[in-house]
Novice: 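Below: one structure in structure tokens.
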Protein chains: 2
Amino acid sequence: MPKDAFSATSACNYATVRRAARKLGQFYDDIVGPSGLKATQQGLLYQISATGAPTMGEIASAMIMDLSALGHTLKPLIRDGYVETVADSQDRRIRRVRLTKGGEKKLAEAMKLWKVAQQRLEDRIGAEKAERLRSALDEIAKLDLDEPIAS
Amino acid sequence: MPKDAFSATSACNYATVRRAARKLGQFYDDIVGPSGLKATQQGLLYQISATGAPTMGEIASAMIMDLSALGHTLKPLIRDGYVETVADSQDRRIRRVRLTKGGEKKLAEAMKLWKVAQQRLEDRIGAEKAERLRSALDEIAKLDLDEPIAS
DNA sequence: AATTAATAGTGGCATATGCCAGTAATTAAC
DNA sequence: GTTAATTACTGGCATATGCCACTATTAATT
């Protein structure tokens with residue numbers, strides 16, 4: 001048995017992506033953490049900030065995330081005063097999400113750290129390689145994998 | 001504003017990996033789900049099965065997962081009788097993990113579905129491309145990203 | 001207009017994952 | 001050979017994520 005019998009290079013695309021996600025989570029969290037935000041939260045605040053005052057459905061769709069999962073994830077950010085939701089005046093079913101002043105400030109703080117993490121990672125693997133990797137992952141994210149009903 | 005203004009191609013490597021992970025999770029879960037296992041659980045059972053009777057630390061290390069997180073994740077599988085842990089006779093701190101008969105059976109069932117998902121995905125993106133993607137992700141997973149102490 | 005269908009979220013429950021503070025057991029130090 | 005580290009987990013708490021059932025609103029039907 002090879003010494004690194006437990007290095008686990010799985011053939012499963014899903015397992016491989018999740019393993020890399022955990023690794024990157026450790027890395028980005030270590031660096032972004034001092035801002036008080038998890039890297040996931042920084043990413044979510046960024047997504048909100050970058051798209052104006054998106055509705056929950058728009059955010060969920062963009063992030064390929066379940067709507068209710070998004071709702072759950074927003075809770076601590078709302079509790080901590082970084083985010084607020086306002087009912088749309090046209091359609092009261094819709095809730096638009098936006099950063100508070102404090103949220104913008106906190107995001108700015110976290111983004112500085114994010115840049116350090118991003119840069120440090122790309123110094124290691126190469127910006128071009130990272131670019132290709134993201135491109136491949138985005139391709140997967142955009143696939144229409146609805147049951148082909150191969151009847 | 002383009003119709004897919006919320007398609008979100010982030011520059012963040014971590015966000016991109018997580019988004020793809022969610023997408024793949026939906027896909028693999030849809031197909032593996034009928035076995036009664038989540039794709040994550042199928043992957044974990046496979047990892048245990050593939051490495052004999054690994055210790056928790058070995059599994060966690062191989063999966064780049066926090067040891068306590070692994071412990072939590074194992075609980076439903078132990079509760080459902082698919083996995084059991086046995087104290088090592090040499091070193092009683094160590095708990096070896098292994099599949100029960102029922103766990104092996106369930107894994108075999110789930111693996112059939114996993115193969116369908118894996119094949120269907122690779123039919124879409126190309127086996128070679130998937131191979132390259134996993135390779136790139138494994139490279140990240142293996143990086144030594146300990147704080148370089150850039151003092 | 002009243003009913004039905006569709007849309008947008010919320011809340012409950014469950015798994016996934018991580019950090020930190022113990023606990024148990026083994027090893028290293030003195 | 002006791003005491004001080006180290007190792008391997010466990011448990012509690014918190015966030016991340018998803019499914020399903022339910023509520024609130026708006027749009028579509030008849």
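Letters A, B, ... mirror the listed sequences (proteins, then strands); counts begin at 1.
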Novice: For A:E139, is there an ion pair with A:K142 - N to carboxylate O distance below 4.0 angstrom?
Specialist: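 The answer is no: the pair does not qualify as a salt bridge.
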
Novice: Indicate, with a heavy-atom threshold strictly under 4.0 Å, whether A:L67 touches base, sugar-phosphate, or nothing.
Specialist: base

Novice: Between A:D66 and A:R92, who's closer to the 5' end of DNA chain D by nearest nucleotide?
Specialist: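 By nearest-heavy-atom nucleotide position, the 5'-most residue is A:D66.
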
Novice: Could you check A:K23 against A:R95 and say which one's nearest nucleotide on DNA chain C is further toward the 5' end?
Specialist: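 Its nucleotide being nearer the 5' end, the pick is A:R95.
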
Novice: Among residues at least two apart in sequence or on other chains, which ones pass side chain to side chain contact (heavy atoms under 4.5 Å, CB included) with B:A50?
Specialist: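 Applying side chain to side chain contact (heavy atoms under 4.5 Å, CB included) to B:A50 gives B:Y46.
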
Novice: Just to be sure I understand the geometry, which residues of residues 75-84 of chain B put a non-hydrogen atom under 4.0 Å away from DNA chain D?
Specialist: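 When residues 75-84 of chain B is checked for heavy atoms under 4.0 Å from DNA chain D, the hits, listed by number, are B:K75.
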
Novice: Out of curiosity, does A:I64 fall in the hydrophobic cluster containing B:F27 (side-chain heavy atoms, cut-off under 4.5 Å, transitive links)?
Specialist: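 Not linked; separate clusters.
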
Novice: My understanding is that only residues two or more places apart in sequence, or in another chain, count here; which of them pass side chain to side chain contact (heavy atoms under 4.5 Å, CB included) with A:E84?
Specialist: A:R98, A:T100

Novice: Using a heavy-atom cut-off of 4.0 Å to chain A, what are the terminal contacting nucleotides of DNA chain C, in 5' to 3' order?
Specialist: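 So the outermost contacting nucleotides come out as C:dA6 to C:dG18.
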
Novice: Quick one: list whatever passes side chain to side chain contact (heavy atoms under 4.5 Å, CB included) with B:R132, sequence neighbours left out.
Specialist: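 Here the qualifying residues are B:E128, B:K129.
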
Novice: What residues, two or more places apart in sequence or in another chain, satisfy side chain to side chain donor-acceptor pair (under 3.5 Å) together with B:E109?
Specialist: B:K106

Novice: Between the side-chain atoms of B:S68 and the base atoms of D:dC9, is any donor-acceptor pair under 3.5 Å?
Specialist: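 Under the 3.5 Å cut-off, the side chain and the base do not form any donor-acceptor pair.
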
Novice: Within the structure shown, what part of the strands sits under 4.0 Å from A:G71 by heavy-atom distance: base, sugar-phosphate, or nothing?
Specialist: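 Counting heavy atoms under 4.0 Å across all strands, no contact is made by A:G71.
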
Novice: Using only atom types and a distance under 3.5 Å, with no angle test, would you say the side chain of A:R124 pairs donor to acceptor with the backbone of B:D144?
Specialist: yes

Novice: Heavy atom of residues 96-106 of chain A under 4.0 Å from DNA chain C: which residues?
Specialist: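 DNA chain C contact set from residues 96-106 of chain A: none.
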
Novice: Under the rule for side chain to side chain donor-acceptor pair (under 3.5 Å), what residues qualify as partners of A:D29, not counting sequence neighbours?
Specialist: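 By the side chain to side chain donor-acceptor pair (under 3.5 Å) rule, A:D29 matches no residue at all.
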
Novice: Choose from D:dG11, D:dT26, D:dC20 the nucleotide whose nearest atom is closest to any side-chain atom of B:H72.
Specialist: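 Out of D:dG11, D:dT26, D:dC20, the nucleotide with an atom closest to B:H72's side chain is D:dG11.
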
Novice: My understanding is that only residues two or more places apart in sequence, or in another chain, count here; which of them pass side chain to side chain donor-acceptor pair (under 3.5 Å) with B:R93?
Specialist: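 Scan of B:R93 (side chain to side chain donor-acceptor pair (under 3.5 Å), adjacent residues dropped) gives B:D91.
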
Novice: Do you reckon B:L70 sits in the same ILVMFWY cluster as B:I94, going by side-chain contacts under 4.5 Å, direct or chained?
Specialist: no

Novice: Enumerate the protein-to-nucleotides 5-7 of chain D contacts in which both atoms are nitrogen or oxygen and the separation is below 3.5 Å.
Specialist:
unit_1 : atom_1 : unit_2 : atom_2 : d
D:dT7  : O4'    : B:R93  : NH1    : 3.1
D:dT7  : O2     : B:R93  : NH1    : 3.1

Novice: For B:T85, which residues count as a side chain to side chain donor-acceptor pair (under 3.5 Å) partner, sequence neighbours excluded?
Specialist: B:R95

Novice: Checking B:Y14 now: which residues fulfil ring pair (Phe, Tyr, Trp, His ring centres under 6.0 Å) with it, not counting sequence neighbours?
Specialist: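 With sequence neighbours excluded, B:Y14 shows a ring pair (Phe, Tyr, Trp, His ring centres under 6.0 Å) to A:Y28, given in chain and number order.
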
Novice: Contact between A:D30 and B:L145 at the side-chain level, heavy atoms closer than 4.5 Å - yes or no?
Specialist: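 With C-beta onward as the side chain, the pair stays apart.
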
Novice: What is the distance from CG of B:L37 to P of D:dC19, rounded to the nearest Å?
Specialist: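 Going from B:L37 (CG) to D:dC19 (P), I get 16 Å.
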
